[in-house]
Amino acid sequence: MDITTPAEYHAVLKILPDQMRQCVEDNIHVIEEMYLDLGMDFGVKLDGVRVDYPIEVTPGDLLYLLGQLARKFRSDGRQGIDGTLHRISAEFDEDELVISVVIRVARVTAYVAEPLRRYIELATGILAIGPPAVGKTTLLRDIARIRGETLGKGLIIIDSSNEITGDGDRPHPFLRHVRRIKVGDPARQSEKLGRAIRNGGPQEVLLDEVGYNDDVILVARAANLGISAISTLHGRTFRETFDNDMFWPLLGLSKDQTTGLMHRRKSAAFSLAIEVRAKGCYVVHPNVNAAVDALIRGEGADGIRVGNWPELQVAALAS
């Protein structure tokens with residue numbers, strides 16, 4: 001359910017040059033991304049389809065857009081718009097001039113995690129696995145809403161790119177009942193996570209895209225201290241995560257120094273794993289330790305399908 005306000009849509013429309021704004025304003029509620037590449041046609045992605053408009057992006061167009069932004073781009077080439085969840089990414093030429101801008105139109109989508117609520121409420125640590133653009137961050141945000149209902153300020157969001165709670169000094173109203181730590185640059189995620197664990201007194205931490213910048217070990221250590229984590233990571237299936245030794249500390253696995261074989265060292269940092277296969281289509285592993293043990297034995301870890309899978313819709317109609 002999209003609860004994005006008209007003001008949030010207007011905030012992203014007003015940074016566009018006139019011609020481009022006129023092309024998209026009637027469909028802004030379904031547009032996912034907009035592309036302004038110097039010397040190329042203005043493009044958008046809406047409902048998964050890419051469309052180009054016969055409007056060549058000029059240096060003046062990029063200067064206009066940059067003039068509408070409140071701050072400079074961070075070292076990761078990103079920034080947001082205060083009071084919204086939109087993301088603006090830039091690429092630069094050899095002289096550090098902006099030659100390409102991608103605008104991701106982010107929506108405040110509530111209740112996408114509701115089909116998973118009974119698993120989420122019982123979990124001690126949650127891992128959401130999926131490739132880009134399937135809705136992991138949207139799901140993560142709604143998981144924060146559900147966990148925040150009971151944890152309140154005991155949940156701290158480590159917002160690496162300010163995409164979960166938004167840019168600006170005040171978090172988006174959707175998640176003001178929990179605490180957040182702005183990171184701004186993913187390279188500082190591990191540093192900020194460590195400080196939150198040491199100084200913030202969290203019951204649970206939530207972060208996007210674990211697996212970079214030495215944060216895997218920190219998340220595993222936090223679990224040993226009784227601080228559970230909610231996070232996403234890139235991949236397609238739980239099996240892929242199991243096969244990637246970079247993630248072994250999260251699953252309680254290590255390599256035997258004598259035999260070189262994998263073995264279980266401790267419990268996984270997460271009790272629940274959710275594969276995000278497509279928007280609204282999930283595969284749930286409600287007992288991560290059991291799933292890991294099954295894979296060690298050479299068995300499968302198929303999980304439970306939840307959400308808008310076609311076969312589940314047919315079954316519901318039949319019943």
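When a residue number appears, it is its place in the shown sequence, counting from 1.
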* **Steps toward salt bridge (Lys or Arg N to Asp or Glu O under 4.0 Å) verdict (D82, R71)** => CA-CA 10 Å; D82 289 0; R71 57 180 63 85; 2.9 Å; yes

* **Trace of the side-chain contact (heavy atoms from CB on, under 4.5 Å) decision for K266 with N224** => CA-CA 9 Å; K266 59 184 68 174; N224 292 338; 3.1 Å; yes

Honestly curious: do [X] and [Y] fall in one hydrophobic cluster under the side-chain, below-4.5 Å linking rule?
{"X": "L85", "Y": "V105", "result": "no"}
{"X": "L65", "Y": "I55", "result": "yes"}
{"X": "V49", "Y": "V24", "result": "yes"}
{"X": "L140", "Y": "F174", "result": "yes"}
{"X": "I227", "Y": "L251", "result": "yes"}

Take atom [atom1] in [X]; do more than 12 heavy atoms of anything else shown fall under 6.0 Å from it?
{"X": "K255", "atom1": "NZ", "value": "no"}
{"X": "M40", "atom1": "CE", "value": "no"}
{"X": "R236", "atom1": "CZ", "value": "no"}
{"X": "Y53", "atom1": "OH", "value": "yes"}
{"X": "R221", "atom1": "CZ", "value": "no"}

* **side-chain contact (heavy atoms from CB on, under 4.5 Å) assessment of S254 paired with H263** => CA-CA 6 Å; S254 62; H263 73 284; 3.1 Å; yes

* So, R147 side chain and I120 main chain: donor-acceptor pair closer than 3.5 Å or not? -> yes

* Checking side-chain contact (heavy atoms from CB on, under 4.5 Å) for the pair I146/Y111: CA distance, chi angles, key distance, verdict? -> CA-CA 9 Å; I146 292 175; Y111 312 118; over 6 Å; no

To check you understand the geometry: which heavy-atom pair defines the closest contact between [X] and [Y], and what is its length?
{"X": "A110", "Y": "D142", "answer": "CA-OD1, 3.7 Å"}
{"X": "A269", "Y": "A220", "answer": "CB-CA, 4.4 Å"}
{"X": "A144", "Y": "L206", "answer": "CB-CD1, 3.7 Å"}
{"X": "A294", "Y": "G300", "answer": "CB-O, 3.7 Å"}
{"X": "V306", "Y": "P115", "answer": "CG1-O, 3.5 Å"}
{"X": "I164", "Y": "R141", "answer": "O-NE, 3.0 Å"}

* Structure fact -> Rounded to the nearest 0.5 angstrom, the CG-CD1 distance for D26 and I31 is 9.5 Å

* Asked: In Å, rounded to the nearest 0.5 Å, how long is the span from NZ of K136 to OG1 of T232?
  -> 5.5 Å

Donor-acceptor list for residues 273-283 side chains, cut-off 3.5 Å, not counting sequence neighbours:
unit_1	atom_1	unit_2	atom_2	d
E275	OE1	R277	NE	2.8
E275	OE1	R277	NH2	2.7
E275	OE2	F238	N	3.0
E275	OE2	H285	NE2	2.7
Y282	OH	V112	O	3.4

Could you check if a side-chain atom of [X] sits within less than 4.5 angstrom of a side-chain atom of [Y], using non-hydrogen atoms only?
{"X": "F42", "Y": "E56", "answer": "no"}
{"X": "E91", "Y": "V102", "answer": "no"}
{"X": "P59", "Y": "L38", "answer": "yes"}
{"X": "L139", "Y": "L116", "answer": "yes"}
{"X": "W248", "Y": "V216", "answer": "no"}
{"X": "L46", "Y": "V51", "answer": "yes"}
{"X": "R117", "Y": "E121", "answer": "yes"}
{"X": "H234", "Y": "P132", "answer": "yes"}

* Starting from the C-alpha separation in whole Å, work towards a yes-or-no answer on side-chain contact (heavy atoms from CB on, under 4.5 Å) for V219 and L193. => CA-CA 8 Å; V219 170; L193 174 60; 3.9 Å; yes

* Mind checking whether F92 and F73 have parallel, tilted or perpendicular rings, split at 30° and 60°? -> perpendicular

* Would you mind checking if E163 and R78 are paired as a salt bridge, meaning a charged N to carboxylate O distance below 4.0 Å? => yes

* Salt bridge D293-R297, side-chain N to carboxylate O under 4.0 Å -> no

Ignoring hydrogens and angles, write down the donor-acceptor pairs under 3.5 Å from the side chains of residues 9-20, residues two or more places apart or on other chains.
unit_1	atom_1	unit_2	atom_2	d
Y9	OH	D2	OD2	2.6
Y9	OH	R107	NE	3.1
D18	OD1	R21	NH2	2.2

* To do: Starting from the C-alpha separation in whole Å, work towards a yes-or-no answer on side-chain hydrogen bond (donor to acceptor under 3.5 Å, both in side chains) for R50 and Y35.
  => CA-CA 10 Å; R50 298 183 190 275; Y35 313 102; 2.4 Å; yes

Polar contact flag, side-chain donor to acceptor under 3.5 angstrom, [X]-[Y]:
{"X": "H86", "Y": "E8", "answer": "no"}
{"X": "S228", "Y": "E204", "answer": "yes"}
{"X": "T58", "Y": "D61", "answer": "yes"}
{"X": "T137", "Y": "D208", "answer": "yes"}

* Structure fact -> Paired with S100, the side chain to side chain contact (heavy atoms under 4.5 Å, CB included) test is passed by just one of D37, L36, D93, namely D37

